[in-house]
Every structure is written in structure tokens, then in C-alpha cells.
Amino acid sequence: MRGVHIHRVDVRFGDCDPAGIVYFPRFFHLFHEAMETWFSAGLGLSYAQLILGRKLGFPAVHTEADFNAPCALGEAIAVELRVARLGRSSIGLEYVVRGVDGVLRLTGASTCVVMDLDPASPSFRRAVAMPDELRARIEHFMAGESAVPEDS
């Protein structure tokens with residue numbers, strides 16, 4: 001699918017509440033997992049290298065979800081990630097979660113900012129402008145093109 005990253009997940013015992021359905025905060029964790037896997041699969045960048053090497057973080061400053069149908073223990077689900085907005089220092093992401101039957105389970109969204117994680121920097125733990133290379137890769141992803149721009 002054009003401009004869509006799909007993160008597949010098997011619902012495990014630890015994801016569920018006593019009723020055997022996914023406990024709602026777990027979906028926020030799954031949104032983050034989808035974002036983290038998107039960096040390597042969709043953008044061709046190591047999320048760990050961005051955090052540890054380049055000292056850039058991507059914390060969520062807003063997240064939300066609307067639930068349509070429960071997900072149960074033992075089910076396989078797919079978390080679809082799309083980029084909704086690309087700001088100077090933020091990324092708006094939208095999520096759609098479906099069962100393998102294709103039935104919509106929930107939708108969600110989050111806004112993440114690019115944060116300076118270098119303790120020696122004057123902008124430590126503050127939002128910073130998105131690096132040009134990262135912006136170009138996200139724009140290519142949004143257009144359904146290769147993760148790596150041709151002029152890189």
C-alpha cells in the first residue's frame with residue numbers, strides 16, 4: 001500500500017485484561033512499536049541509531065484512539081501507520097488497526113516531536129527542527145516512493 005507501513009502483531013496473554021481482550025493502553029504501546037519499525041522498514045533508518053547515535057528522540061506529545069471492536073488473545077492484528085502531517089519539528093501519525101479478517105478494530109493518532117537528546121546541547125530535551133535527510137525520507141514515504149531519496 002502506498003505510504004502505509006504495516007506492523008503485524010500476535011495478541012499475547014500479557015496484552016490482555018481478565019476478560020481476554022487487549023487492555024486499551026496496550027494499543028498506545030503498539031502505536032509506538034509501529035512507529036519504531038517504520039523507521040527501518042519505511043525510511044531505511046535505524047531508530048536505535050537515531051536515538052543513541054544522533055541523539056534525536058521522537059516522544060509523543062499527543063495520542064488518541066477510538067475503539068470499534070475488541071481484539072482478543074491469540075488473534076493476529078495489523079497496525080497500519082500513515083503520515084498525516086509533517087511539521088517543522090513534528091510528525092502527525094495516523095493508525096488503523098484491523099484483524100486478519102479485515103474488520104476495523106480501532107483508529108488512532110499521535111503527534112511526535114523531534115527532540116534533542118544530547119545533554120551537552122543548549123537545546124537538550126527541547127523540540128528541534130527535523131533534519132533535512134529525515135524530512136526527505138518521510139516525504140518520499142508519503143509519496144509511496146523508495147525510502148532513500150535518489151540524490152542521497
Side-chain angles (χ1 to χ4, degrees), residues 1-117 125 127-131 133-149:
M1 279 188 266
R2 184 177 174 172
V4 178
H5 168 67
I6 299 176
H7 176 62
R8 299 186 192 291
V9 178
D10 292 323
V11 175
R12 302 190 186 286
F13 180 80
D15 297 323
C16 298
D17 63 18
I21 59 175
V22 176
Y23 181 49
F24 76 93
R26 293 292 298 156
F27 287 106
F28 297 113
H29 177 74
L30 294 176
F31 293 170
H32 180 81
E33 281 185 355
M35 182 193 72
E36 199 169 322
T37 60
W38 167 65
F39 272 88
S40 59
L43 303 179
L45 295 170
S46 164
Y47 188 75
Q49 179 57 31
L50 287 166
I51 301 280
L52 301 172
R54 293 180 63 185
K55 303 213 182 307
L56 291 174
F58 303 89
V61 295
H62 176 81
T63 191
E64 61 186 52
D66 292 308
F67 299 89
N68 294 55
C71 297
L73 176 62
E75 280 191 280
I77 58 175
V79 181
E80 302 170 7
L81 174 151
R82 291 170 180 79
V83 179
R85 291 176 321 286
L86 191 55
R88 184 189 77 78
S89 61
S90 66
I91 308 167
L93 301 171
E94 292 179 343
Y95 303 95
V96 174
V97 178
R98 299 180 197 279
V100 292
D101 54 7
V103 173
L104 176 67
R105 304 308 175 86
L106 67 128
T107 58
S110 61
T111 300
C112 299
V113 297
V114 181
M115 178 187 279
D116 183 351
L117 297 179
R125 291 190 177 157
V128 294
M130 186 174 305
E133 176 200 7
L134 177 58
R135 176 176 300 284
R137 287 173 185 257
I138 294 171
E139 288 171 345
H140 278 76
F141 173 83
M142 291 170 71
E145 299 170 4
S146 168
V148 181

*asked:* Within the 4.5 Å heavy-atom criterion, are Val97 and Leu30 side-chain neighbours or not?
replied: no
_Let me confirm one number: the CG-OG distance from Leu50 to Ser40, rounded to the nearest 0.5 Å._
10.5 Å
*Closest approach of Arg8 to Ala78 (non-hydrogen atoms, all atoms of both residues)*: NH1-CB, 3.9 Å
*To the nearest 0.5 Å, what is the distance between OG1 (Thr111) and CD1 (Ile91)?*
10.0 Å
*asked:* Does Phe31 form a side chain to side chain contact (heavy atoms under 4.5 Å, CB included) with Leu93? I'd like the steps, not just the answer.
replied: CA-CA 9 Å; Phe31 293 170; Leu93 301 171; over 6 Å; no
_Ile77: which of Leu106, Asp10, Val11 passes side chain to side chain contact (heavy atoms under 4.5 Å, CB included)_ = Val11
*Can you find a heavy atom in the side chain of Met35 that is under 4.5 Å from one in the side chain of Cys112?*
yes
*asked:* Surrounding CZ of Arg85 (heavy atoms of other residues, nucleotides or ligands, distance under 6.0 Å), is the total greater than 12?
replied: yes
*asked:* Could you check whether any side-chain heavy atom of Ile6 comes within less than 4.5 Å of a side-chain heavy atom of Val79, counting everything from C-beta outward?
replied: no
*So how far is it from Glu94 CD to Arg82 CZ, rounded to the nearest 0.5 Å?*
8.0 Å
Under 3.5 Å, sequence neighbours excluded: what are the donor-acceptor pairs made by side chains of residues 15-24?
unit_1: Asp15; atom_1: OD1; unit_2: Arg26; atom_2: NE; d: 3.0
unit_1: Asp15; atom_1: OD1; unit_2: Arg26; atom_2: NH2; d: 2.7
unit_1: Asp15; atom_1: OD2; unit_2: Arg12; atom_2: N; d: 2.9
unit_1: Asp17; atom_1: OD1; unit_2: Ala19; atom_2: N; d: 2.9
unit_1: Asp17; atom_1: OD1; unit_2: Gly20; atom_2: N; d: 3.3
unit_1: Asp17; atom_1: OD1; unit_2: Ile21; atom_2: N; d: 3.4

Distance-only donor-acceptor pairs under 3.5 Å for side chains of residues 51-65, two or more places apart:
unit_1: Arg54; atom_1: NH1; unit_2: Glu133; atom_2: OE1; d: 3.3
unit_1: Lys55; atom_1: NZ; unit_2: Leu52; atom_2: O; d: 3.3
unit_1: His62; atom_1: NE2; unit_2: Glu64; atom_2: OE1; d: 2.8
unit_1: Thr63; atom_1: OG1; unit_2: Ala109; atom_2: O; d: 3.3

*Show the numbers, then the answer: is there a ring-ring contact (aromatic ring centres under 6.0 Å, His included) between Trp38 and Tyr47?*
CA-CA 9 Å; Trp38 167 65; Tyr47 188 75; 9.6 Å; no
*Can a salt bridge be assigned to the pair Glu139 and Arg137 using a cut-off of 4.0 Å between side-chain N and carboxylate O?*
no
*Under the ring-ring contact (aromatic ring centres under 6.0 Å, His included) rule, what do Tyr95 and Phe27 come out as? Steps first, then yes or no, please.*
CA-CA 10 Å; Tyr95 303 95; Phe27 287 106; over 10 Å; no
_Evaluation steps, side chain to side chain contact (heavy atoms under 4.5 Å, CB included), between Leu86 and Arg135_ = CA-CA 8 Å; Leu86 191 55; Arg135 176 176 300 284; 3.4 Å; yes
*Can you find a heavy atom in the side chain of Leu81 that is under 4.5 Å from one in the side chain of Val4?*
no
*Identify the two heavy atoms, one from Thr37 and one from His5, that lie closest to each other, and give their separation to 0.1 Å.*
OG1-NE2, 2.8 Å
*Taking all non-hydrogen atoms of both residues, which atom of Gly87 and which atom of Met130 are closest, and how far apart?*
O-CE, 4.1 Å
*Any salt bridge between Glu75 and Arg105, counting N to O under 4.0 Å?*
yes
